[in-house]
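The first residue in the sequence is number 1, and the count goes up from there.
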Amino acid sequence: MLKLLFLVVSCSCVFAQDATKVRENMDVFRLPNNTEPISYRLNVQPFIIPENNNFTFIGTVLITIRVKITTEELTLNVDDLQINKINVKDTNSSSAEVEVTGNHIVVKNEQLIIQLKTPGLIADRVYEVEIAYSGELRNDMSGFYKSWYTDEKSKKTKWLAVTQFEPTYARRAFPCYDEPAFKTPFSIEVTRLETQISLSNMPIAKQIIIESSKPNYVSDQYQTTEPISTYLVAFSVSEFVSTTKDQKVYIYTHADYTNQVTYIEEKANKLLNLMELYTNIPYTYSKIDLLAVPDFSFGAMENWGLNTYREKYLLVTDKSTEKDKETVITTVQHELAHQWFGDLVTCSWWDYVWLNEAFATLFEYFAVHVAEPDWRIGDIFVIEQHQEALVYDHRTRHPITANVKEPNEIQSIFDIITYNKGASVLRMLKHALNDDIFRTSLTLYLNTYKYKAAEPKNLWNSFDNVIFDANYKSGILGNTITVEEYMRSWTDQAGYPVVNVDSGNPNYLIVTQKQYQVDVPKLNYTTLWHIGLTYTNQKNQQFNNLQPTVWMNNTETEVTIPLMNDAGWVIFNLQSTGFYRVNYDVKNWYRLIAELRSNPKTIHVLNRAQLIDDSFNLARAGELSHFIPFTLVTYLEKEDDYIPWYSVKNSMSYIVERLRRCPHTGGQVQDFAKTYAEIIYKKVSDQYEKNDGQHLTKTSMQEFSNWACKLDVESCVKSALNYYNAWEKNGTEIPPDVKQAALCSGIKNGTTETWNKVFELFKITPSTSERQASLLALACSTNYTILSGYLNLLLDANCPIRPQDYKTVFKSLTSTQIGIYAATDFLQNKINESLSNMWEGEEMITLIYSYLASSAATMQEINELNAIRNLTYLSPKLKKSFDDSYKEVELNSAYFERCHPLMHEWFNPSDSTTQAPSSAISNSYQYINVIVLSLFFITTLVNINYFNVMQ
C-alpha cells in the first residue's frame, strides 16, 4: 500500500463509520489460536440505488476451518456488519450439523463469538461455517465502500462500490480471520446489475444471468485464488471500462477518462516484467487490473491481481507535470513490487509490515531506474527516502520492526519509518553485500515462503544461506556476525547513529558512534549499531567503492583507522549508502568547504547533498556550529547539479519557518534562503527555457519555482504572473511544470475574483494534475476572509472538494502565516460544528491541530494553540490528541530559544547583544552574501595552517 506519508506526521487517522459513536478501548487484540481457515467461498451483492438512498450489500461466506484445540466457541473478526444466519457443518460426519446455541458481537474487539452445543468443535476435524450477513456501503473509504463521479455526457452522478481492506478492514465486508498470517484460497462471486461490471483478484471463470430478477442481475464467479491474506482480497462493482488489449496489465476507469490511461498502459507491462526478471519468479496470475478510484484514502493498494489507485496516481494527460508522470510510474511500480513482496510472501503480523512496504519502496525507485535510466531516480531516492527518513527518525518513535496490537496502532506504523527508513536500510544491506548476493537471497526468500507468511528471521536466513552456499566473504565485521545480527541492530532499535570523525592526528582517524538526537538536553542513550564504514580522502577520491571497508560493532564506541600522510580531507558514508549522519572536526569541515568552493565536482553529487543535509541537521541538534552549514552553502553558485539543491531547500525551509518568531533575524534568515532560491531558480529556468529535454530539469523546475516564488524571488514572481495573466486574459495554456507557481502567484497578488477563477478550474478540469495544482494554489491567498471561507466550505454537505483531499487543504493552508491564522481561528470557533458536519470530523479536527502544531512559530500562534488544547468542552480523546501534538510546539520552541541567539550573532557580528529588535528589519540578500563570504575568508585566513597539507 502506498500511503500518503507527506500528509501524516504528527497524527495518524483511523476511520470510523459514525463519528458520534464512542467505542470502548479494545482489550482482546488477536483471534484465539484454536482454529484456522482452510478456504473461503464468498458471495457478495451490492445494491446501489441512489434514488432510494439504498447503498447496502448482502453476503454469504462459507469458511472451511480446521480445529486445532477442541472449543465450544468460534471467534471471527467482524466490524459493522449485521449477522443474519449461521450454520456450522462437520465435514467428517454424516450427522453434519453442529448446533449453534448463540452468537454475539463484541463491538470493542471487532469479534464475532459463535457459541456451539457441547462438545462443540473437536480438535483435528474440519468444519464448514456458513454465515449470511448484510451491511451498508461505507462512506469512509474503508471496508466495502461507495464512491461517485459525474458522467460528462449525461451530467448524472454515477456510483460504484469498491474495497479497501488493509490493514484491518476486511472484517467490515465479511466475517473472517482478519490477520495476515491466515493465508487461504478464496473463491469469490460478485452479483451485479447487467449494466455494470465487477472486478476481483482473479479472472472470471463463469457468468450466470439471473433472468428472474428485474432489473437483470449477473453473477460473476471468479477463479479461485492462491492462498491469500484477507487484507489482499478485493472486488468492485461499477460502470468502468478498459481499453487495454493483449497484455497482462489492464487499466480501468470511467468512460470519460479512458484517454488518460495511455501513458501508464504503455509502461505497466514493462514494469511488471522487470519484477519477473529481477526475482526470476513469474507473476502468479494471468492478469492484473489497475483500477482508478475517484475516492481513495491512500495512494494505492496492492490487492493481488486487482490494484486500486487514487486517480492522480494512475491517470495522465497533456496537462500533467513531469513530476506527476514520475509519481504515476513509481506508484505503479510500488504496487507491482508488492505482488511479490506482500502478496506472494506476506508479513506474518503487522509488526513486520516493513517486509512488504520497505521492499516495495526500494523497487519503486530502483526498478524504475532500470526502466528510465535518464531520470536519475536512484539519486532522488537519497533525497525523498533516505534524507526524509533521517529527519523523521531523529526523535525516538518506533523501530522498523514494531510492536502493535490494536487497529489504531497498526494503522499508525504505515509511516516514514516503515517505508522510507525500511527501504534505506535495505539499500544499505545491498551495498554491504553485493548485487548478486542481494538478488539471489531475495529469490530464495520468495521461493521458500511462497504463499506463506514470513518474519524477518526468515528473510535473514535466506541471506545467510546464500552467503554460505556461495562461500562468499560478506565482509560484515570480518565474517564474525550473521546478516540477521547485523540487520537487527537497524530494524529492532529506534533511531540511528551519528558517526564522528576526528582527523586531528596526521597518522590515523578516530571514529566514534552515538545515537543522533535532535533535541536538547540530550538523553543518556547507550544504543549502538553495527556500522559499515565507507570513506575516501582527497588523495584517492574513490567514491564508487560502496562496500564497507571498516566495521564498528554494536559493542564498541570507537575505532581507529590508519591514515596515509598528506591525505587531505576525508569524507565518510560514500553516496549516502549508510543510514547515519557524519560529523567531522572543524579542520576537516574547512577542508571540505575549500574543496567545494574550488572544484565541487571532485566530491560525488550524493555526498555533496549529504554534506549539506548533515551539516544543517547537526547544527540543528547542537552538534555543530551553524557557521559550518551557512559557510558551506557559499559554494552553491558553482553547483549545477540539481540534487544537492533539494537538500538546500529542505534544510533552509525548516530554519526559515522556525525563525519567524523574530522579525529581525527571521527576516535575515529568509533573505539568506531567498539568495539561494534565486540562484537555483535562474539555473533551472535557463535550462527549462532551452528545453533541454531532461526529466530532472522539468521536475526541478516545478520544485524550485514553487520555492522561489514562495520566497518572493522577483524573477520567479514576474514570470509566474506573466503566465497567470496570459491564462486569465487570453486562455493561454500555462506549462504544467510551472502551473502551481503561476496559479499561486496569481492568487497571492489577486482578488476574490482571482481565487474564484482558480477554484472554478479546480472544479471543472478533468486533469488530476491540474486539479492538484489549483487546489494547492487556493491556499496562497493573503486574504483572511477568503481563507476562512475556504475552510468553511468543508462544513457544507455539497462541498466540491472530496474528503480524500481535505488533508491537502489543511497542509497547504498551514504552510503560510495567514493560513495558520485562518486555521487557528477555525479551530477556536468551529470545533463543535466540524464534529457534526465535517466528514470524519473528529479525525479532521485532530489533523488540523497536528499540522498547526508543526507550523506554529510566533508567540501568538503558540499561545492560541495552547488555549485551544485547554478548551473545557473538548472530549478526552481530542484533549489527549491535542496534548500529544502540542509536544511538537514545545520542541520547536526549544530549538528557537537555543538557536536564535546564535543565528542573530551570525547575521549581526558587530552587535554587542544577541537580543533582536522587535521591529521587522530585513537586510538585502546581497548584504547577507557579503557577510557570509567575508566571514568565510576571514576564517580561512585564521585557519590557514589547516590547509597547508593541501598545498
Side-chain angles (χ1 to χ4, degrees), residues 5-12 387-397 415-416 495 516-523 581 613 615-624 626 629-630 649-670 672-673 710-711 810-821 823-824 827 846-870 880-904 906-907 914 916:
L5 298 175
F6 69 98
L7 295 177
V8 185
V9 178
S10 300
C11 159
S12 83
Q387 290 186 359
E388 184 175 357
L390 288 171
V391 169
Y392 184 78
D393 199 30
H394 59 205
R395 291 180 182 134
T396 302
R397 300 179 190 270
D415 66 357
I416 289 172
Y516 175 79
Q517 300 178 67
V518 72
D519 299 314
V520 176
K522 308 295 185 186
L523 300 176
R581 296 199 183 279
D613 187 62
S615 63
F616 272 100
N617 281 282
L618 288 165
R620 177 179 173 182
E623 299 285 344
L624 187 67
H626 277 89
F630 283 174
K649 172 187 173 292
N650 295 338
S651 298
M652 288 189 178
S653 294
Y654 177 83
I655 299 175
V656 168
E657 185 66 19
R658 296 279 64 81
L659 268 291
R660 283 193 300 110
R661 188 188 302 185
C662 175
H664 175 67
T665 309
Q668 292 176 312
V669 168
Q670 180 160 321
F672 184 74
K710 182 175 182 177
L711 292 174
F810 304 148
K811 185 69 172 176
S812 57
L813 271 172
T814 56
S815 68
T816 70
Q817 194 156 354
I818 188 66
I820 291 170
Y821 176 40
T824 302
L827 282 190
T846 299
L847 195 64
I848 295 172
Y849 191 92
S850 73
Y851 287 148
L852 285 170
S854 295
S855 302
T858 70
M859 287 309 302
Q860 179 181 349
E861 292 165 358
I862 291 170
N863 290 336
E864 288 177 346
L865 279 184
N866 190 42
I868 289 171
R869 74 184 179 115
N870 290 310
K880 182 181 185 305
S881 174
F882 287 3
D883 286 344
D884 288 344
S885 294
Y886 193 79
K887 293 173 185 175
E888 186 77 12
V889 177
E890 295 171 335
L891 292 169
N892 286 335
S893 186
Y895 168 83
F896 174 84
E897 298 293 344
R898 185 175 76 252
C899 294
H900 165 254
L902 303 174
M903 291 191 191
H904 181 76
W906 159 259
F907 285 106
T914 59

Write down the atom of [X], the atom of [Y], and the distance for their closest heavy-atom approach.
X    : Y    : answer
I862 : A857 : CD1-O, 3.7 Å
A853 : S885 : CB-O, 3.3 Å
S854 : N892 : O-ND2, 3.7 Å
A389 : I416 : CA-CG2, 3.8 Å
Y849 : L865 : OH-O, 2.8 Å
C899 : H626 : SG-CE1, 3.5 Å

Could you grab the distance from atom [atom1] of [X] to atom [atom2] of [Y], nearest 0.5 Å is fine?
X    : Y    : atom1 : atom2 : result
R395 : L891 : CZ    : CG    : 4.0 Å
D883 : N866 : CG    : CG    : 9.0 Å
Y654 : N617 : OH    : CG    : 9.0 Å
H904 : T665 : NE2   : OG1   : 5.0 Å
R581 : D613 : CZ    : CG    : 4.5 Å
R898 : R620 : CZ    : CZ    : 9.0 Å

Would you say [X] and [Y] make side-chain contact, with heavy atoms under 4.5 Å?
X    : Y    : result
E657 : S855 : yes
M903 : C662 : no
I655 : F616 : yes

For this session: Could you walk me through whether E864 and I820 pass side chain to side chain contact (heavy atoms under 4.5 Å, CB included), step by step?
Result: CA-CA 11 Å; E864 288 177 346; I820 291 170; over 6 Å; no

Exercise. Do F672 and F907 have ring centroids that are under 6.0 Å from one another?
Worked result: yes

Problem set entry | More than 12 heavy atoms from other groups under 6.0 Å of CD on Q860 | no

Exercise. Is it the case that more than 12 heavy atoms not belonging to K522 sit under 6.0 Å from its NZ atom?
Worked result: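 Correct, the count exceeds 12.
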
Exercise. Using 30° and 60° as the class limits, which term best fits the ring planes of F896 and H900: parallel, tilted or perpendicular?
Worked result: parallel

Exercise. Is it true that the side chains of S893 and R661 contain a donor and an acceptor less than 3.5 Å apart?
Worked result: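 Note: S893 and R661 side chains meet the donor-acceptor criterion.
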
For this session: For E861 and R660, run salt bridge (Lys or Arg N to Asp or Glu O under 4.0 Å): C-alpha distance rounded to whole Å, both residues' side-chain angles, the deciding distance at 0.1 Å, then the answer.
Result: CA-CA 11 Å; E861 292 165 358; R660 283 193 300 110; 2.9 Å; yes

For this session: Could you walk me through whether T824 and L852 pass side chain to side chain contact (heavy atoms under 4.5 Å, CB included), step by step?
Result: CA-CA 7 Å; T824 302; L852 285 170; 3.7 Å; yes

Exercise. Is NZ or CZ of R658 both nearer than 6.0 Å to the six-membered ring centre of Y895 and within 45° of the ring axis?
Worked result: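 No; the conditions do not both hold, so R658 does not lie above the ring face of Y895.
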
